[in-house]
Amino acid sequence: MALAPSKDTATAKGSASTRDASPARPPSRTPSRGFWSSTIGKKTVMAVSGLIMLAYLVAHVAGNLKVFFGPEEFNGYAHWLRVMGAPVLHHEWGLWIARIALLAAVGAHAVSAYQLSRRDIRARPTRYARKRKGSSYATRTMRWGGIILGLFIVWHILDLTTGTVHPGGFEEGKPYQNVIDTFSTWYGNTIYIVAMLAVGLHVRHGFWSAAQTLGVGNARRERVLRLLANGLALVLTAGFIAVPVGVMTGVVN
Amino acid sequence: MKLNLRVWRQRNSGAEGAMATYEVDGISPDMSFLEMLDTLNEELILRGEDPVAFDHDCREGICGACSLVINGDAHGPERTTTCQLHMRSFRDGDTVDVEPWRASAFPVVKDLVVDRTAFDRIIQAGGYVTAPTGAAPEAHATPVPKAAADSAFEHAECIGCGACVAACPNGSAMLFTSAKVNHLNVLPQGAPERETRVLDMVAQMDAEGFGGCTLTGECATACPKGIPLPSIAAMNKEWLRARRKVK
């Protein structure tokens, strides 16, 4: 047959034969246009759930800062959270709606982060001999920062919502005293401040990334988005840390 | 100039690889990085050893064939392709690490050569226009806004070398795919397939086993053609728009 390669040409290929030995590798899976099967779809879920949590954090820090106006105002605010939406909503319904929405956001954020991270690690199994650090600290700590924040949330709820691991006598409806109890321990301050620094770093890269994922980012808006991300990170971290610092310095007592 | 080269040697895709050390002498600062490797290979051939396999073609920075990670940087320390990187960027006596692109979607074929056909399949999935174009049409037959023409040209500069994937800690091909999607999606000629193009190319990109984008920006820093990072946001926008339009 004229088309069949002769033995001579096959050997003449020499070193090129190794390339012929590995034919074009077929894709590892069938392409899908589905939303959840796409990396962009998963990132969209991450972005939206992250923004929901971010909006909550802004409200949370504003509420926390009421601690500087004394126990009456702070405890009164905590009480209002339970009657929020009344008389349309029954007692604590508003609070539970917010809790369920947040739980869904945390779940969606964690599941998409886990699936994307597994995929990313599989996609780059080999490291380079010489490692360069091209990206910012906030960018490189997104995964570990997220895990730290997840663990912090568990402790934080057990400490100040359920009172399970609260130091001293936990009293429901007396958050002012509970806050002082927690921030009177060295470990309470340490855990909290480390977690709040992690929040700042996470928001710094996360907010800007969410804007890119949702297609809002472009060259013209770059400066504004970076400023917003850094500003949010700074306000949240400083605002949250102000409370333990206030307790430690005796401003809140 | 004299260099200590540590080069990734791997017999074939199935074999284990390792870094091998070579001393290369008599390097002129005017040589390109590939010419320096040619010098090494000539020596290896004279010694009866297997020369180092590496990809190259035009050697003028426009084809996208060359592909080395030099000291941890895709295409080395300058913002250009490896073939346009000159030895004057290194100092006499330097130790230089030379590795292939690292990504599971780009398996090593031999030494520094990787299989980049995954990129071809992404292009096949939608990186084209379906209108028969024939010979070059009269330039003003289809009016293109200046801003769109500039944007298309900026993205059309992508040579598909894969440096973005190599530099990305997630082995993501988002910058490449976004360059190809945006190039055609901003033009009227690419409008008929605007939605299917982005959906199909992203679907193929994911199917090839590339990682997701975490917006580290390493890709845009490594890109020898300066494809900007906001291209990825522009593709995300196109993808979300297409998801809404296509049922």
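The chains referred to below are lettered A, B, ... by the order of the sequence lines, with proteins before strands, and numbering in each begins at 1.
With a 4.5 Å cut-off on non-hydrogen atoms, A:S209 touches chain B through its backbone and its side chain both. With a 4.5 Å cut-off on non-hydrogen atoms, A:R221 does not touch chain B at all. In this structure, chain A has a heavy atom under 4.5 Å from the backbone of B:A167, while its side chain stays farther away. Heavy atoms of A:T139 lying under 4.5 Å from chain B belong exclusively to its side chain. Only the backbone of A:S37 has a heavy atom closer than 4.5 Å to any heavy atom of chain B. Looking at B:P100, only its backbone comes within 4.5 Å of chain A, counting heavy atoms on both sides. Heavy atoms closer than 4.5 Å to chain B are found nowhere in A:R220, neither backbone nor side chain. Using a 4.5 Å cut-off between heavy atoms, B:R102 contacts chain A through both its backbone and its side chain. Both the backbone and the side chain of B:T214 come within less than 4.5 Å of a heavy atom in chain A. Of the atoms belonging to B:R241, not a single heavy atom falls under 4.5 Å from chain A. When heavy atoms are compared at a cutoff of 4.5 Å, B:D120 does not approach chain A at all.
If you check the side chains of B:N236 and A:T213, you find no donor sitting under 3.5 Å from an acceptor. Under the 3.5 Å distance criterion, with hydrogens and angles disregarded, no donor-acceptor pair is assigned to the side chains of A:R124 and B:N170.
Aromatic pair B:W239/A:F35: ring centres closer than 6.0 Å.
Interface remark: of the candidates B:A203, B:G171, B:P230, B:A203 forms the most heavy-atom pairs closer than 4.5 Å to chain A. Comparing B:C213, B:A222, B:P228, B:G217 by heavy-atom pairs within less than 4.5 Å of chain A, the highest count is held by B:C213. Interface summary for chain B: among A:R122, A:K43, A:E222, the most heavy-atom pairs under 4.5 angstrom belong to A:K43. Highest contact tally toward chain B, considering only A:I121, A:V216, A:T39, is held by A:T39 [criterion: heavy-atom pairs under 4.5 Å]. Interface check for chain A: of the options B:C168, B:S172, B:A234, B:P51, the most heavy-atom pairs under 4.5 Å are formed by B:C168. In terms of heavy-atom pairs under 4.5 angstrom with chain A, the leader among B:T196, B:V165, B:I232 is B:T196.
Just one residue in the list B:R121, B:M205, B:Q204, B:M201 forms a side-chain contact (heavy atoms from CB on, under 4.5 Å) with A:P31, and that residue is B:Q204.
In this structure, CD in B:E238 is found 10.5 Å from CD1 in A:I40, a value given to the nearest 0.5 Å.
A:Y128 places no side-chain N or O within donor-acceptor distance of the main-chain N or O of B:D97, the cut-off being under 3.5 Å.
Between A:R119 and B:D206, some side-chain heavy-atom pair lies under the 4.5 Å cut-off. Annotation: side chain of A:R33 is in contact with side chain of B:V246 (closest heavy-atom distance under 4.5 Å).
More than 12 heavy atoms of other residues, nucleotides or ligands shown are found within 6.0 angstrom of CZ on A:R99. Counting heavy atoms of neighbouring residues, nucleotides and ligands inside a 6.0 Å radius, atom CZ of B:R91 does not exceed 12 of them. Annotation: B:K225, atom NZ; neighbour count of heavy atoms from other residues, nucleotides and ligands within 6.0 Å is above 12. The environment of A:W93 atom CH2 is sparse: at most 12 non-hydrogen atoms of other residues, nucleotides or ligands sit within 6.0 angstrom. By the neighbour-count criterion of 12 heavy atoms within 6.0 Å, atom CH2 of A:W36 is densely surrounded, having more than that number from other residues, nucleotides or ligands. More than 12 heavy atoms of other residues, nucleotides or ligands shown are found within 6.0 angstrom of CZ on B:R197.
With respect to the salt-bridge test (charged N to carboxylate O, under 4.0 angstrom), the residues B:D73 and A:R130 do not qualify.
Closest approach of B:G211 and A:A123 over heavy atoms only: N-CB, 3.3 Å. Residues B:V202 and A:S38 approach most closely at CG1-OG, 3.9 Å, considering heavy atoms.
For the salt bridge (Lys or Arg N to Asp or Glu O under 4.0 Å) test, no residue two or more places apart in sequence or in another chain qualifies with B:E154.
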